[in-house]
Amino acid sequence: MRIVDRNYLFARGWKSAAPILFFVPGFFLYLFIAVGPSLATAVYSFTDATGIRGIAINWIGFENYDEFLFRGAASRDNIAALTRTLYFSFFVTTIQFGLGLLLAVLLKRRLRGTAIFRTIFFMPVILGVAIQGLIWKLFLLPSRGPAAQVFEWFGSSSEFLGGQPRQAFIWVIVVQIWANVGITMVIFLAGMQTIPEELYEAARIDGANGWQLFTQVTWPLLTPAVNTNFLLNIIGSLQAWQLFLVLIGYRPGTQVLGYLVFAEGFGQTSGSVTSAFRQGYAAAASIALFMLVLIIALSANFIVTQREKKYMP
């Protein structure tokens with residue numbers, strides 16, 4: 001009988017270095033496309049970089065952070081954008097999570113036409129953000145859009161995306177949920193398919209009704225999918241900004257923190273509102289967004305970890 005030396009699981013001699021050789025290219029690629037730009041952003045946040053060729057870059061320390069958080073009316077707008085980001089994340093996460101779970105439960109019943117509805121619900125996910133935004137922008141067109149026609153039937157009207165900032169903000173929440181609820185649904189469906197049918201049959205024999213089947217069997221055993229969706233929904237909604245760009249542009253009272261980073265860094269212009277090319281300032285804003293996402297993600301991860309210990313010891 002041959003005894004395997006556990007110090008050489010892959011091979012002996014120089015061949016034992018094969019795992020390292022396979023690992024090194026991916027590691028350096030990760031450093032190049034992820035760690036490197038992140039470190040560069042942190043460094044740029046302490047400068048007055050504009051991104052315009054020929055303009056000197058000066059080290060200004062924490063001035064960008066001071067301006068972003070504490071100085072004048074701009075800081076108040078930035079704090080308002082941060083607060084708006086939290087509102088957006090809360091409503092998107094809770095509604096998308098609940099709706100995705102509801103759709104998954106309904107589609108798990110294998111009723112007639114289930115496959116078609118799965119495709120319909122998931123289809124928005126495969127569309128790009130620009131396509132998603134343009135579809136809804138045409139749908140919500142105040143003068144000739146289908147939504148305006150429906151409002152006219154009831155003797156009412158609405159400016160939709162062009163109306164009050166709060167109204168436009170709510171519509172972006174609706175579109176964000178519509179665009180991403182499909183992936184939440186699929187993750188829940190995948191989790192439900194791992195639950196043995198024998199558990200449901202045993203619970204039915206013991207007299208469990210539909211609600212008890214869900215709370216005592218489905219919900220506890222769905223813990224990995226619940227945790228995954230919870231974290232993905234929170235992080236994704238905190239970082240969302242592209243739909244704001246496509247749907248309503250750079251408008252006071254509607255920006256979230258992610259869009260503010262883009263607008264300051266790349267000179268977003270809309271109507272009479274113009275933002276300068278301030279990539280150092282945008283880098284500071286992106287670090288503030290990163291810290292916000294990090295704190296909330298760590299808190300959410302602690303919650304799901306505790307839940308996992310409860311249901312899956």
Side-chain angles (χ1 to χ4, degrees), residues 77-78 80-100 103 120-148 150 158-187 229-271 273-275 282 285-286 288-290 292-293 296-297:
D77 291 340
N78 296 335
L82 190 151
T83 304
R84 207 173 292 118
T85 303
L86 294 176
Y87 281 133
F88 182 81
S89 178
F90 173 78
F91 286 110
V92 169
T93 298
T94 53
I95 298 173
Q96 183 175 315
F97 185 94
L99 186 58
L103 292 175
I120 293 173
F121 294 143
F122 187 76
M123 191 174 296
V125 178
I126 65 177
L127 301 175
V129 176
I131 301 300
Q132 295 166 355
L134 289 174
I135 288 173
W136 276 88
K137 201 166 186 177
L138 292 173
F139 178 76
L140 298 172
L141 198 66
S143 56
R144 298 178 300 276
V150 172
S158 174
E159 291 295 322
F160 303 111
L161 298 171
Q164 295 298 318
R166 178 176 295 181
Q167 183 182 17
F169 187 78
I170 291 173
W171 276 111
V172 178
I173 292 175
V174 171
V175 178
Q176 176 77 12
I177 295 170
W178 171 84
N180 296 283
V181 71
I183 192 63
T184 302
M185 175 197 71
V186 167
I187 293 174
N229 271 328
F230 186 58
L231 290 173
L232 289 179
N233 289 354
I234 288 177
I235 296 173
S237 58
L238 286 172
Q239 297 178 325
W241 62 272
Q242 296 95 329
L243 279 175
F244 286 89
L245 170 65
V246 178
L247 288 170
I248 54 181
Y250 192 82
R251 286 182 55 194
T254 62
Q255 300 99 327
V256 290
L257 201 51
Y259 190 16
L260 191 66
V261 173
F262 168 78
E264 292 291 344
F266 297 96
Q268 175 69 26
T269 302
S270 178
V273 180
T274 304
S275 62
S286 69
L289 176 60
F290 167 75
L292 177 68
V293 173
I296 294 178

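Nothing fancy with the numbering, it's 1 onward along the sequence.
- Listed by chain and number, the residues in a side-chain contact (heavy atoms from CB on, under 4.5 Å) with I173 are F88, F91, V92, F169, I177 (sequence neighbours excluded).
- Taking CG from L82 and CG from D77, the interatomic distance works out to 12.5 Å, rounded to the nearest 0.5 Å.
- Y87 meets the ring pair (Phe, Tyr, Trp, His ring centres under 6.0 Å) test with no other residue; sequence neighbours excluded.
- Between L292 and L86 the shortest side-chain heavy-atom distance falls below 4.5 Å.
- When all heavy atoms of R84 and G253 are compared, the closest pair comes out as NE-O, 3.3 Å.
- Taken to the nearest 0.5 Å, the CG atom of L232 stands 5.5 Å off from the CD1 atom of I187.
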Listed pairs under 3.5 Å, donor-acceptor, residues 126-141 side chains, sequence neighbours left out:
unit_1 : atom_1 : unit_2 : atom_2 : d
Q132   : NE2    : P124   : O      : 2.7
Q132   : NE2    : L127   : O      : 3.0
K137   : NZ     : V246   : O      : 3.2

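- Summarising the geometry of T254 relative to G249, their closest heavy-atom pair is OG1-O, 4.3 Å, with the distance given to 0.1 Å.
- In this structure N78 satisfies the side chain to side chain donor-acceptor pair (under 3.5 Å) test together with Y281, sequence neighbours excluded.
- Residues A263 and Y250 come closest through the heavy atom pair CB-CE1, 3.2 Å.
- Residues forming a side-chain contact (heavy atoms from CB on, under 4.5 Å) with L103 (at least two apart in sequence, or on another chain): L99, F121, V181, M185.
- A pairwise comparison of heavy atoms in Q164 and R251 identifies C-NH2, 4.1 Å as the closest pair.
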In a table with atom names and distances, give each donor-acceptor pair under 3.5 Å that connects a side chain of residues 233-241 to protein atoms at least two apart or in another chain.
unit_1 : atom_1 : unit_2 : atom_2 : d
N233   : OD1    : Q96    : NE2    : 3.0
N233   : OD1    : T184   : OG1    : 3.4
N233   : ND2    : N229   : O      : 3.4
S237   : OG     : S89    : OG     : 2.9
S237   : OG     : T93    : OG1    : 3.3
S237   : OG     : N233   : O      : 2.7
S237   : OG     : I234   : O      : 3.0

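- Residue Q176 comes nearest to L243 through the heavy atom pair OE1-CD1, 3.2 Å, listed as atom of the first residue, atom of the second, then distance.
- Residue-environment remark: CZ (F290) stays at or below the threshold of 12 foreign heavy atoms within 6.0 Å.
- Between L247 and W171 there is no side-chain heavy-atom pair separated by less than 4.5 Å.
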